[in-house]
Number of protein chains: 2
Amino acid sequence: MTLPGYDAASYPPFAVTVDLVVLTLRGDVLHVLLVERGADPWRGAWALPGGFVRPDEGLDAAAERELSEETGVRDVPGHLEQLASYGDPDRDPRMRVVSVAYLALAPDLPEPHAGSDAARAAWVPVAHAQRRPLAFDHARVLSDGLERARAKLEYSPLAAAFCGPEFTVADLRRVYEAVWGRALDPRNFHRKVTGVPGLLVDTGRTRSEGRGRPATLYRLGDVTTLHPPITRD
Amino acid sequence: MTLPGYDAASYPPFAVTVDLVVLTLRGDVLHVLLVERGADPWRGAWALPGGFVRPDEGLDAAAERELSEETGVRDVPGHLEQLASYGDPDRDPRMRVVSVAYLALAPDLPEPHAGSDAARAAWVPVAHAQRRPLAFDHARVLSDGLERARAKLEYSPLAAAFCGPEFTVADLRRVYEAVWGRALDPRNFHRKVTGVPGLLVDTGRTRSEGRGRPATLYRLGDVTTLHPPITRD
DNA sequence: CCAATAGTGTCTCTTAGACAGTATACG
DNA sequence: CGTATACTGTCTAAGAGACACTATTGG
């Protein structure tokens, strides 16, 4: 970055926003949080939640704040990471906006309440969301977020972000199945996931789903990378 | 993104820049393009090249323009992709700056010439660059860029971006060795890389390095993902 | 008992790494 | 000839997918 004699007045200002791809699992179906826009442009269209970065706030902090505001949950559990930035000159007709998109993965959360600027907010099944026209370039952002999530399940312990602090192997498998959109062999999955050193910590307790043998409850270990990975192919 | 009644005057303006991690191979050693800052802040410190995004220019276009300007080469061959964005409120003491970092991989390029705003510009061995204090948060950006490059060599045909349009298997291997920082078995590498369907297109010609059997010259095929991958472990 | 889910064992196929061996150049 | 590099073959170990089998619950 060079910044020689930068004259702020010589450039029109940029607005910087954060947009969120918030994914969760509801009834074994992958959902994304969308808001219905209450103002132009794109009034009435569905959009990813987001908002302006405040003057004294870092990008990650802005994303955390928006996540909390839009879900209505303080200290949202799960995972939050930067996805990419989108800054086509004409992506917003009003002014030059650069949006820094974030990907959030969370366990099942309560129904969202619409914010001041949104007509509605709702958890929408991802397959459904991808068939709607979304505001701005949000269809692209959503695609990028989904692809990131799918890829990272292979080599990171991110699937656990969709679960509570304690979970069973079957819980984890349902996450993989929902995100990847295909069934996995429960037996091979069990062997693979329990075979990753450091991934799962046995709590010593079990949980019964009503029918069948109760499953061991695990907590997430402290690994950051899965060796060997859980592959998609 | 919500943008209710946005009053541009109610927020101080953000500046948006692109910063570049430009990697190349020079004599089998991985180098990064750095500039010596000619103005405060960080006058005299080394920094990643970059500059302001212009009002009517997209982020990718700004990165391409800066890459061309800073290397002194029109239509730089190789690969350019967005890396991440960095926007801590105090990363630049003069004003609020959000930097969108890009990763560029290029074949060996001529010595750069300092721009108007930089005292010097030079290709610096990566190991050396990582030991220097870099301006702003550029040490972090450089690390992130290197890690991205290392990871993407595993499953993408990106190594060819470091080579010319035609290259030998040994050329490719030297890229992997330089980026990963470790020696690879030439025989196993050869079998692996020629075994990826669609990756290499035999030109029918060979190139002799002076000693030893001449190597087959290949062009890059049209695959985007390596199946199976070239793993690091 | 049966049905359902949890978890283990076993087989086959593919791939990774080690490394012997062959091919073709230069001096 | 030797040496250096390109390329191929072969062995072994480990992981992936298919799927039989055992374990433990509720009804």
Side-chain angles (χ1 to χ4, degrees), chain A residues 27-28 151 153-155 159 163 166-178 180-219 223 225-233, chain B residues 27-28 151 153-155 159 163 166-177 180 182-219 223 225-233:
Chain A
D28 293 353
L153 286 202
E154 292 201 65
Y155 56 88
C163 306
E166 298 188 345
F167 50 86
T168 67
V169 170
D171 290 338
L172 267 191
R173 179 170 46 82
R174 280 185 279 267
V175 171
Y176 278 87
E177 291 180 329
W180 286 349
R182 69 190 198 85
L184 300 175
D185 186 298
R187 301 161 292 185
N188 289 335
F189 182 84
H190 189 283
R191 186 165 28 77
K192 272 158 77 164
V193 82
T194 54
V196 178
L199 178 60
L200 299 180
V201 180
D202 192 333
T203 63
R205 284 173 299 114
T206 61
R207 192 176 68 195
S208 178
E209 303 291 345
R211 54 205 182 285
R213 172 175 168 179
T216 305
L217 272 172
Y218 294 96
R219 273 198 311 277
V223 291
T225 315
L226 269 40
H227 280 303
I230 313 287
T231 51
R232 288 187 268 188
D233 272 32
Chain B
D28 293 353
L153 286 202
E154 293 200 64
Y155 56 90
C163 305
E166 298 187 343
F167 50 85
T168 66
V169 170
D171 290 338
L172 267 191
R173 179 170 45 82
R174 279 186 278 267
V175 171
Y176 278 88
E177 291 180 330
W180 287 350
R182 68 190 197 86
L184 300 175
D185 185 299
R187 300 161 292 182
N188 290 333
F189 182 84
H190 190 283
R191 184 166 28 77
K192 272 159 76 163
V193 82
T194 54
V196 178
L199 178 60
L200 299 179
V201 179
D202 193 331
T203 64
R205 284 172 301 115
T206 60
R207 194 176 66 195
S208 178
E209 303 291 344
R211 54 208 180 285
R213 172 176 169 179
T216 305
L217 272 173
Y218 293 95
R219 273 198 312 276
V223 291
T225 314
L226 270 40
H227 281 302
I230 313 287
T231 50
R232 288 188 264 187
D233 274 34

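Throughout, protein chains are lettered first and strands after them, A, B, ... in sequence-line order, and every chain is numbered starting at 1.
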Intermediate values then yes/no, salt bridge (charged side-chain N to carboxylate O under 4.0 Å, His left out), E166(A) and R205(A): CA-CA 10 Å; E166(A) 298 188 345; R205(A) 284 173 299 114; 2.7 Å; yes

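The 5' end of DNA chain C is approached more closely, in terms of each residue's nearest nucleotide, by R174(A) than by the other of I230(B) and R174(A). Across the interface with DNA chain C, nearest-nucleotide mapping of T194(A) and G212(A) shows G212(A) to be the residue nearer the 5′ end. Each of R211(A) and R182(A) has a nearest nucleotide on DNA chain D; the 5'-most of these lies closest to R182(A).
Side-chain to base pairing of N188(B) with dA18(C): one donor and one acceptor N or O lie within less than 3.5 Å of each other. A donor-acceptor contact under 3.5 angstrom links the side-chain atoms of R187(A) to the base of dA20(D).
In this structure, E177(A) places its CD atom 12 Å from P of dT5(C), rounding to the nearest Å. Taking atom CZ on R232(B) and atom P on dA16(C), their separation rounds to 15 Å, with Å as the unit. One interatomic measurement links the two molecules: OH of Y176(B) to P of dA16(C), which rounds to 12 Å at whole-angstrom precision. What separates CZ of R207(A) from C1' of dA4(C) is a distance of 16 Å, to the nearest Å. R191(B) places its CZ atom 17 Å from the P atom of dT22(C), with the value rounded to the nearest Å. If you measure from atom CG of L172(B) to atom P of dA6(D), you get 12 Å, rounded to the nearest angstrom.
The two residues T206(A) and L217(A) make their nearest non-hydrogen contact at O-CD1, 3.9 Å.
With distances taken from any side-chain atom of R173(A) to the nucleotides dT24(C), dA6(D), dA6(C), the minimum falls on dA6(C). Comparing atom distances between the K192(A) side chain and each of dG17(D), dA4(D), dA6(C) picks out dG17(D) as nearest. The side chain of P228(A) has dG15(D) as its nearest neighbour among dG17(C), dT15(C), dG15(D).
Between H190(A) and the phosphate of dG7(C), there is a side-chain N or O to OP1/OP2 separation shorter than 4.0 Å. Taking only side-chain nitrogens and oxygens, R213(A) never comes nearer than 4.0 Å to OP1 or OP2 of dA23(D).
Backbone-only engagement by T216(B) is indicated by non-hydrogen atom pairs under 4.0 Å involving sugar-phosphate atoms exclusively.
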